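Data block below; observations after.
If you're wondering where the values come from, they're calculated on a predicted model, not measured in any experiment. Below, chain A is the first sequence line, B the second, and so on; all start at residue 1.
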Amino acid sequence: MAEFPKRFDFREAEPRIYQRWMDEGCFGAAVAPDGTVRDPKRAQARPFVIVIPPPNITGRLHMGHALNNTVQDVLIRYHRMDGDDAVWIPGTDHAGIATQTVVKKQLDAKGVDYRELGREQMIANIWEWRAEFGDAILEQLRKMGCSCDWERTRFTMDEGMNAAVRRCFVNLYDRGLVYRGKRIVNWCPVDRTALSDDEVEKQDEKGKMFHLRYPLAQDRSRWMVVATTRPETMFGDVAVAVHPEDDRYKELVGTAVILPLMDKAIPVIADPHADPEKGTGVVKITPAHDPNDFEVGLRNNLPIVDVMNDDATLNELVPGRYQGMDRYAARRKILEELEAAELLEKVEEHVLAIGRSYRSKVPIEFRLSDQWFVKMAPLAEMALQANGYEQAEEGWARKTPDAGVAFHPDRFEKVYLHWLSNIRDWCISRQIWWGHRVPAWHHLETGEILVGEGEPERVRDAPEEWRQDEDVLDTWFSSWLWPMSTLGWPERTPDFERYYPTSVLSTAKDIIFFWVARMNFAGLGFEDRLPYQDVYLHSTIADDRGVTMSKSKGNGIDPLTLIEGATLDQLKRPVQEALPSNAKEILRRLEKNFPEGFEAVGADAMRWTLIFSITEGENVRLALQRFLEGRSFVTKLWNGAGRIISSLEAESDRSVAPGEPTDEDAWILARVDRTSRTVRAGLDGFDFGNVAQELYRLVWDDYCSWALELSKTRLTGEDSVERLGVLRVMGSALADILRMLHPIVPFVTEELWSRLVPAMDRLDLWLGDPPTSKQLIRDRFPPGDGPDRADVEHRFAILQRFVSAIRQLRSQYRVKDSERIVVHVKPLEADTAPMLERCRSAVSFLAKLDRVELVEARSKGMAAHYDPAFELYLDLSRYVDLSEELARLDKDIGRTEKELGATSGKLANASFVERAPADKVQETRNREAELKEKLEKLAATRAELAEVA
RNA sequence: GGGCGGGUAGCUCAGUUGGUAGAGCGGCGCCUUUACACGGCGCAUGUCGCAGGUUCGAGCCCUGUCCUGCCCACCA
C-alpha cells in the first residue's frame with residue numbers, strides 16, 4: 001500500500017498551500033479593480049462581496065478576530081466554490097487615539113515629548129510606525145488561511161479614503177447635517193485633550209458626598225441644602241433645581257438662592273432631572289462641568305460658566321484667591337471656608353464611579369468645548385424606513401416585514417430599532433493629530449467658517465487670515481464609509497459599480513451602534529442603498545467559566561498559540577501580566593493541564609473548533625482543551641481519507657470495469673447528498689454550528705465508522721471489479737465531503753484533494769462529472785440535488801441496528817472479537833433477508849461473525865433480541881450463565897412494560913383518541929401493537945430460558 | 001431603572017410547526033483488530049430552574065417567580 005503519513009503535518013503544509021493559492025491568484029475577484037476581466041465566466045456570475053471589519057493597525061489577532069474572520073472565510077469560500085464571483089476585501093483601520101498613543105509611548109521611552117515634535121513630525125512618525133508594524137494583523141489572518149483579495153487591501157487613512165471622508169463631511173455640512181456646537185467632553189487635564197468614552201476607565205471609588213447650604217436670597221437665615229461630590233465646581237453654578245412635583249420646595253421655585261463664597265444670586269428652577277429620592281432633592285446646576293447639568297441648562301436657558309483652564313486649574317471667573325489653584329486644592333479650601341461660615345451641613349462617605357484617563361490615570365474632567373456634530377435623527381429615520389418601519393402612534397412600527405437589512409440572529413433587529421428610535425447626535429471631532437483633519441477653516445478675526453473638500457478659494461487668496469480646524473474626525477467617521485470607500489466611492493469606479501452594495505457584514509454585536517447602524521446611515525445617506533443585505537453578529541468569546549475573554553483579565557487564548565504552539569511559560573504570560581484576582585488558580589490549572597506547554601493544533605483545527613462551537617446564545621465558551629477536539633477531527637478526516645486514497649494509489653488493475661454500486665454504496669452516497677442539502681441551507685441561513693455538527697456526523701459516524709468499515713472486505717478482496725466499484729464510490733463520496741468541509745478546514749482538505757484527484761483520475765473512477773479544478777478552492781460545491789433515497793436509508797438502518805445488537809450482546813458477555821460467532825436471524829421485513837444476503841461478508845466483518853443463519857424460529861436456550869425488522873438469536877451457553885441473560889431480559893421487559901403502559905394509557909384516554917389528529921392516534925396504536933408483540937416474545941423467551949436454567 | 005439573552009446529563013451545548021428527551025467532552029468496562037489510541041466497541045446518567053395556566057398531550061405556547069449573563073440609561 002502506498003505511503004500515507006499518520007498525521008496531517010500542518011506546520012509544513014499550511015504555509016505551502018497558502019503560498020500556492022496566492023501564486024495562482026485563487027483569492028482574486030473575476031474583475032480587476034481597473035475593470036479588466038480576469039475570469040470571463042465568473043464575471044457573468046452573481047457577485048458575493050464581504051468587506052472585512054478593519055482591525056486596528058495597533059491590533060494583534062485575538063479569538064474574536066479568529067472567529068469573525070473564520071466565519072467570513074467560510075462564507076467566501078462557500079460562495080466562491082458555488083460559482084459566485086466572491087470577493088473579500090481586507091484592510092485596516094488607522095484607529096486614531098490608540099495609534100497615536102502607541103507612538104507617543106515609544107517617544108516617551110526615548111525621552112521625546114511629542115508636542116515639541118509638532119504636528120507634522122508626529123504624524124510622519126506615526127506613518128513610519130504604521131509602515132513597519134501596521135500590517136502585522138493581516139499577516140496573522142494569512143496564517144489562519146483567510147482568502148482575502150489582497151490586491152484590494154485598503155487603509156482608512158489612504159488617499160482615496162481621505163477624499164471620501166472630505167466629500168462626506170462637506171456633503172453633510174451642505175445638507176445641514178453637520179454642525180458645530182458646544183458639548184461636554186471627557187477631558188484629560190494632563191494630556192490636555194478630549195477623550196472618547198472608550199478611552200475612559202470607569203471604576204467605583206470611595207469618595208465623599210458634601211451637603212452644602214445655599215442661603216435663600218429672600219431670607220438668608222434659611223437655606224436649601226444641595227448634595228455634591230464636586231464642590232470645586234460650585235463657582236460655575238448657575239441655578240439649583242428641584243423636581244416639579246416635589247412639594248417640599250414648590251413655593252421656592254422662581255425665587256433665588258445665594259451662591260456662597262461668590263455672594264451671587266442664582267435662580268431656583270423646576271426640572272425633572274432633580275430626583276426627589278436622591279440626596280436632598282435639591283441639585284446644583286453647573287452646565288459647564290457636568291453633562292446632565294448641561295442638558296438642564298439648555299432646557300432652561302441658563303448661562304454657562306466655565307471656571308476651569310485646560311489643566312484643571314481654576315480660571316479668572318472665580319474669586320481671586322482661588323484663581324490658578326488646582327481643582328483639588330480648591331476643593332479643600334472651599335470646604336474650609338464653608339465650614340467656617342457654617343454652610344457645610346455634613347459630609348458622608350460615598351462610593352461613586354470615577355472616570356480616569358486610560359493614559360494618564362488622572363480623573364477626567366467634564367469640560368465644555370466646541371465640537372463638530374452629525375445630526376442623526378434624519379439619518380435614523382431613513383434607516384427605519386429602509387427596514388420597513390413607519391411612524392405609528394406609539395413610536396415606529398414595522399409595516400414591511402422583510403425590508404432592509406436582515407440581522408442574524410434576528411433578535412438584533414430589536415436592539416437596532418431601539419437605538420434608532422432613541423438616537424442622539426454624534427460628536428465627530430477629536431482633539432488629536434492622527435486622523436482625518438476636519439476640512440473646515442476658521443477666519444481669525446470674524447470666526448467665519450468655510451468648509452470644502454479642498455482648500456477654499458478665499459483661504460487660498462488670503463491664507464494669513466484663516467487657519468484650518470485643528471481637530472481630526474472620529475475614527476468611526478471614516479469607518480462608516482468603509483463598505484463604499486473600499487470600492488472607490490465617491491468615484492464611480494468599476495469596483496463600485498460591480499460590487500456595491502456588498503452581500504454580508506459579519507461582526508461582533510458590541511459595535512452594532514458604533515459601526516453597523518452608522519454604515520447603514522452612510523449607505524442610505526449618500527447612495528440611497530443599504531451597504532449589505534445581511535448582518536451576521538457573532539457571539540462573544542468567553543472562557544470555560546463564561547467570563548468574556550479580555551487582555552485585562554488574562555483569560556484570552558492567543559490564536560497563534562493554537563497555530564504555532566506555546567510553552568508553559570508562554571501560556572502563563574498573559575495571566576501574569578494581567579494579574580486578575582484568580583491568577584493563582586488559573587496558573588495552577590495551566591500547570592496541571594499543560595505541564596509541557598500546548599502543542600500546536602494548526603489553523604484548521606482552530607477554525608473547526610470555532611465554527612463547531614458557535615451557538616445563537618450570547619457567548620461561546622471555549623477552553624484550550626476544546627481545540628484538541630478540533631485537532632482530533634482533522635486527524636480523523638485525514639486518516640479516513642488516507643485509507644481510501646492509499647488504496648486508490650495502490651490499485652493496479654485497470655483492465656476491468658468497476659462494479660455497480662451496492663446498497664451500502666447507495667447509502668453513503670445518499671448520506672453525502674442529504675448532508676450537502678443541510679449544509680447549504682445552514683450556510684445560507686448563518687447556522688454555522690449546526691453545519692459543523694452535520695459534517696462531523698457525516699465524516700466520523702457515516703463515512704469512517706460505517707461506510708469505510710463496510711468497504712474493507714471488498715477493498716482488501718481479490719475481486720478487482722468489486723475493489724474498483726467500492727473505490728469509485730468511496731472516492732467520489734470523499735471528494736464531496738472534502739468539498740463541503742473545505743470552507744471550514746481549507747488546508748487539510750486541499751492537501752487531501754491534491755492526492756485524491758490524481759489517484760481517481762488515473763483510474764478514471766469518478767461517479768458523475770470529474771472535478772473542475774486541480775485546486776479544491778476552485779472546485780464546485782456539491783449541489784445537493786440527488787434523488788431521495790429514503791428506501792436505501794431505511795434498509796441501511798436495519799443493518800446498523802442488526803450490527804449494533806450483536807455488538808451489544810458481545811460486549812455484555814465479553815465475547816472477544818477474535819471469537820467468531822454464529823447468529824440466527826428470523827427476518828420480519830421483506831428487506832431484511834436480501835439486505836443481509838448482499839452485505840453478508842461486510843456484516844460479518846463488522847460484527848465479527850462466523851456466519852449468519854436464516855431460521856424460522858428460536859432454538860431452545862438461545863438468547864434473543866427483538867427488533868421490528870428482525871429477530872436475532874444467539875447461543876450464549878458457551879459464554880454466559882443463563883441467569884445473567886435472565887436478568888438482561890428482565891431489564892428489557894421492564895423498559896418495554898413501562899413504555900407500553902404509557903402508550904396504552906394514552907389510548908385509554910377518550911379525549912386523546914377523539915381530539916388528537918388521526919395519524920397521531922394511528923401511530924400510537926401501531927406502537928402499542930409493536931410493544932405488545934415484543935413484550936410477548938420477551939416473556940416467552942424468559943419463561944423458556946428459566947425452564948432450561 | 002429600561003431592554004435583550006440564558007437556566008435541559010458531571011461539563012459545554014442541540015432540541016425544527018407542541019406528539020416516546022439528544023450530541024460532543026468527561027466517566028465506567030472491554031479492546032495495542034493491519035486508516036486513525038488525536039483510535040474502536042459497548043455502558044451509565046435527566047422532576048428539561050420553580051409555581052400556576054392553556055391543551056387529549058408542554059422542554060417547546062401563556063402568566064408569575066427565582067437565579068444568571070449582556071446591552072443601554074443613570075449614579076447631585
Side-chain angles (χ1 to χ4, degrees), chain A residues 1 4 6-7 204 209-211 226-230 240-241 273-275 278-286 290 292-293 350-353 409 411-412 414-415 418-419 422 509-510 512-513 539-540 542 544 546-548 599 601 605 612-613 615-623 625-626 628-647 689-690 693 696-697 700-701 704-705 708-709 712 716 803-804 807-812 814-818 845-848 898-899 902-903 906 909-917 919-921 923-924 927 931:
Chain A
M1 201 171 289
F4 205 91
K6 267 199 175 182
R7 303 230 200 293
D204 280 350
M209 176 80 80
F210 307 96
H211 293 248
V226 300
T228 181
T229 54
R230 303 283 321 272
V240 297
H273 166 65
D275 183 345
K278 280 183 183 161
T280 57
V282 185
V283 57
K284 69 193 209 46
I285 301 300
T286 324
D290 182 282
N292 289 308
D293 292 6
H350 184 69
V351 175
L352 69 166
R411 66 188 139 92
F412 288 106
K414 269 186 262 178
V415 181
H418 183 257
W419 190 74
N422 296 288
K509 63 180 189 298
D510 52 346
I512 181 167
F513 309 133
S539 323
T540 326
D544 52 337
V547 182
T548 312
E599 200 190 334
V601 298
F612 193 75
S613 308
T615 68
E616 285 211 353
E618 278 297 310
N619 52 30
V620 169
R621 293 191 189 198
L622 282 174
Q625 281 89 342
R626 293 290 304 278
L628 297 175
E629 296 165 24
R631 184 186 59 176
S632 298
F633 177 75
V634 171
T635 306
K636 185 73 181 178
L637 171 70
W638 176 260
N639 283 299
R643 179 68 184 78
I644 292 304
I645 290 171
S646 35
S647 288
N690 195 36
Q693 309 266 359
Y696 182 96
R697 260 190 284 279
W700 206 298
D701 299 340
C704 290
S705 293
L708 195 51
E709 292 300 322
K712 277 180 181 169
T716 54
V803 170
S804 293
R807 283 173 173 171
Q808 275 169 37
L809 287 165
R810 294 189 75 116
S811 173
Q812 177 138 19
R814 289 171 202 87
V815 183
K816 295 203 167 180
D817 283 0
S818 51
F845 175 77
L846 289 182
K848 312 296 174 196
K898 198 177 158 200
E899 199 192 332
T903 311
K906 233 189 217 181
N909 182 346
S911 14
F912 172 70
V913 181
E914 225 168 87
R915 301 199 188 191
D919 60 321
K920 292 291 173 198
V921 176
E923 211 173 89
T924 312
R927 183 71 187 146
L931 289 166

Of all the choices, [options], which nucleotide is nearest to the side chain of [X] once you look at every atom?
X	options	answer
Tyr696(A)	C38(B), G24(B), U12(B)	G24(B)
Arg807(A)	G42(B), C75(B), G40(B)	G42(B)
Ser632(A)	C70(B), C43(B), G39(B)	G39(B)
Lys816(A)	C31(B), G39(B), A35(B)	C31(B)
Arg927(A)	U20(B), G40(B), C38(B)	U20(B)
Glu899(A)	G42(B), C38(B), U20(B)	U20(B)
Thr635(A)	C75(B), U12(B), C38(B)	C38(B)
Glu629(A)	C38(B), C25(B), A14(B)	C25(B)
Asn639(A)	G5(B), G39(B), A35(B)	A35(B)
Phe513(A)	C13(B), C72(B), G19(B)	C72(B)

Nucleotide forming a Watson-Crick or wobble pair with [N], both distances under 3.5 Å:
N	value
C28(B)	G42(B)
A58(B)	none
C70(B)	G3(B)
A35(B)	none

Whole-Å distance between [N] [atom2] and [X] [atom1]?
X	N	atom1	atom2	result
Asn690(A)	G22(B)	CG	C1'	13 Å
Arg626(A)	G26(B)	CZ	P	11 Å
Arg411(A)	C71(B)	CZ	P	13 Å
Lys509(A)	C72(B)	NZ	P	11 Å
Asp510(A)	C72(B)	CG	P	9 Å
Lys414(A)	C4(B)	NZ	P	5 Å
Asp701(A)	G39(B)	CG	P	13 Å
Leu931(A)	U20(B)	CG	C1'	9 Å

query = Would you call the rings of Phe633(A) and Tyr696(A) parallel, tilted or perpendicular if under 30° counts as parallel and over 60° as perpendicular?
reply = parallel

message = Classify the ring geometry of Trp419(A) against Phe513(A): parallel below 30°, tilted from 30° to 60°, perpendicular beyond 60°.
response = parallel

Does the [X] side chain pair with the main chain of [Y], one donor and one acceptor, at a distance under 3.5 Å?
X	Y	answer
Ser705(A)	Trp700(A)	yes
Ser539(A)	Thr615(A)	yes
Asp290(A)	Ile285(A)	no
Ser811(A)	Arg807(A)	no

What is the nucleic acid contact for [X], judged by heavy atoms within less than 4.0 Å: base, sugar-phosphate only, or nothing?
X	answer
Lys920(A)	base
Thr903(A)	nothing
Gln812(A)	nothing
Lys712(A)	base
Gly642(A)	nothing
Asn292(A)	sugar-phosphate
Asn909(A)	sugar-phosphate
Leu622(A)	nothing
Arg631(A)	base
Arg7(A)	base

Rounding to the closest angstrom, what is the interatomic distance between [N] and [M] at atom [atom1]?
N	M	atom1	value
A14(B)	U8(B)	C1'	10 Å
G26(B)	C11(B)	C1'	7 Å
C50(B)	A9(B)	P	11 Å
C48(B)	U20(B)	C1'	15 Å
G3(B)	C25(B)	C1'	35 Å
G40(B)	U32(B)	C1'	11 Å
G29(B)	A44(B)	P	15 Å
U65(B)	G7(B)	C1'	14 Å

inquiry  = If the cut-off is 4.0 Å, is Thr540(A) near the phosphate of C71(B), judged by side-chain N/O to OP1 or OP2?
reply    =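 Thr540(A) to C71(B) OP1/OP2: no side-chain N or O under 4.0 Å.
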
query = With respect to the phosphate group of G40(B), does any side-chain polar atom (N or O) of Trp700(A) fall under 4.0 Å of OP1 or OP2?
reply =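 Yes.
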
task = Establish whether the base of C36(B) is bridged to the side chain of Lys636(A) by a donor-acceptor pair shorter than 3.5 Å.
result =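 Such a pair is found, so the answer is yes.
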
message = Any donor-acceptor pair, under 3.5 Å, between the side chain of Lys6(A) and the base of A35(B), if you only look at N and O atoms?
response =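 Looking at the base of A35(B), it does not pair with any donor or acceptor on the side chain of Lys6(A) (distance under 3.5 Å).
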
inquiry  = For Val415(A) and Ser911(A), find the nucleotide of RNA chain B closest to each by heavy atoms; which residue's nucleotide sits nearer the 5' end?
reply    =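 Closest to the 5' end, via its nearest nucleotide, is Val415(A).
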
inquiry  = Which is more 5' along RNA chain B, the nucleotide nearest Ala641(A) or the one nearest Thr615(A)? Just name the residue.
reply    =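 Going by which nucleotide is closer to the 5' end, it is Thr615(A).
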
ask   = So is Lys848(A) actually on top of Phe845(A)'s ring, under 6.0 Å and inside 45° of the axis?
value = yes

message = Return the OG to CG distance between Ser804(A) and Leu809(A), rounded to the nearest 0.5 Å.
response =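 Interatomic distance, Ser804(A) OG to Leu809(A) CG, rounded to 0.5 Å: 11.0 Å.
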
inquiry  = Between Arg643(A) and Ser647(A), do the side chains contain a donor N or O and an acceptor N or O under 3.5 Å apart?
reply    = yes

